[in-house]
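Each remark here refers to the structure printed beneath this line.
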Amino acid sequence: MKSEIEKVLTMVQEGKIDTDKGSELIQVLQEKEQSPTIRPSSHTSSNYSDKTLRIRVVSESDNVNVNLPIKLVKVVLAAGHNIALKIPQSEQYVKDIDINLILEAIENELDGQIVDVKSANGDTVSITIE
């Protein structure tokens with residue numbers, strides 16, 4: 001299922017589907033997997049929880065680098081996004097980021113780049129799990 005979710009995220013990133021459709025597809029995939037199965041061992045989860053979510057914003061006037069341990073991400077991500085939306089200078093960078101999609105990616109233990117946004121004036125936002 002992990003590779004199927006990665007494909008959905010790639011389609012969202014490439015603009016082939018919108019974030020609402022991507023979330024819907026991921027939810028269907030998760031419901032499909034809800035049947036009783038063996039869960040990954042705690043060893044796998046602990047390795048994943050040792051990873052870092054890296055957020056990079058690069059613009060002409062500002063550069064922002066945020067590194068968060070995955071262990072803190074679920075709590076901090078939603079709160080930080082809501083705060084950033086209320087700050088006029090940062091709203092333009094975060095208004096189109098679907099936080100629920102990122103949280104779903106984290107819950108499914110995805111690695112690599114989750115979000116890569118480039119504006120017409122050269123500003124970029126990148127979110128990666130490493």
Report task. Take Asn67 and Arg56, measure what side-chain contact (heavy atoms from CB on, under 4.5 Å) needs, and give me the verdict at the end. Result -> CA-CA 9 Å; Asn67 297 315; Arg56 303 285 181 257; 3.0 Å; yes
If you measure from [atom1] on [X] to [atom2] on [Y], what distance do you get to the nearest 0.5 Å?
X	Y	atom1	atom2	result
Leu68	Lys51	CG	NZ	15.5 Å
Leu53	Ile70	CG	CD1	5.0 Å
Thr52	Leu72	OG1	CG	10.0 Å
Gln13	Leu9	CD	CG	8.5 Å

Query - Partner residues of Glu60 under the salt bridge (charged side-chain N to carboxylate O under 4.0 Å, His left out) criterion, sequence neighbours left out - result: none
Query - Cluster link Val58 to Ile55, ILVMFWY, side chain under 4.5 Å - result: no
Acceptor/donor pairs from residues 122-130 side chains to any protein atom, 3.5 angstrom cut, sequence neighbours excluded:
from   : atom 1 : to     : atom 2 : distance (Å)
Asp123 : OD2    : Asn121 : ND2    : 3.3
Ser126 : OG     : Gln113 : NE2    : 2.9
Glu130 : OE1    : Arg54  : NE     : 2.4

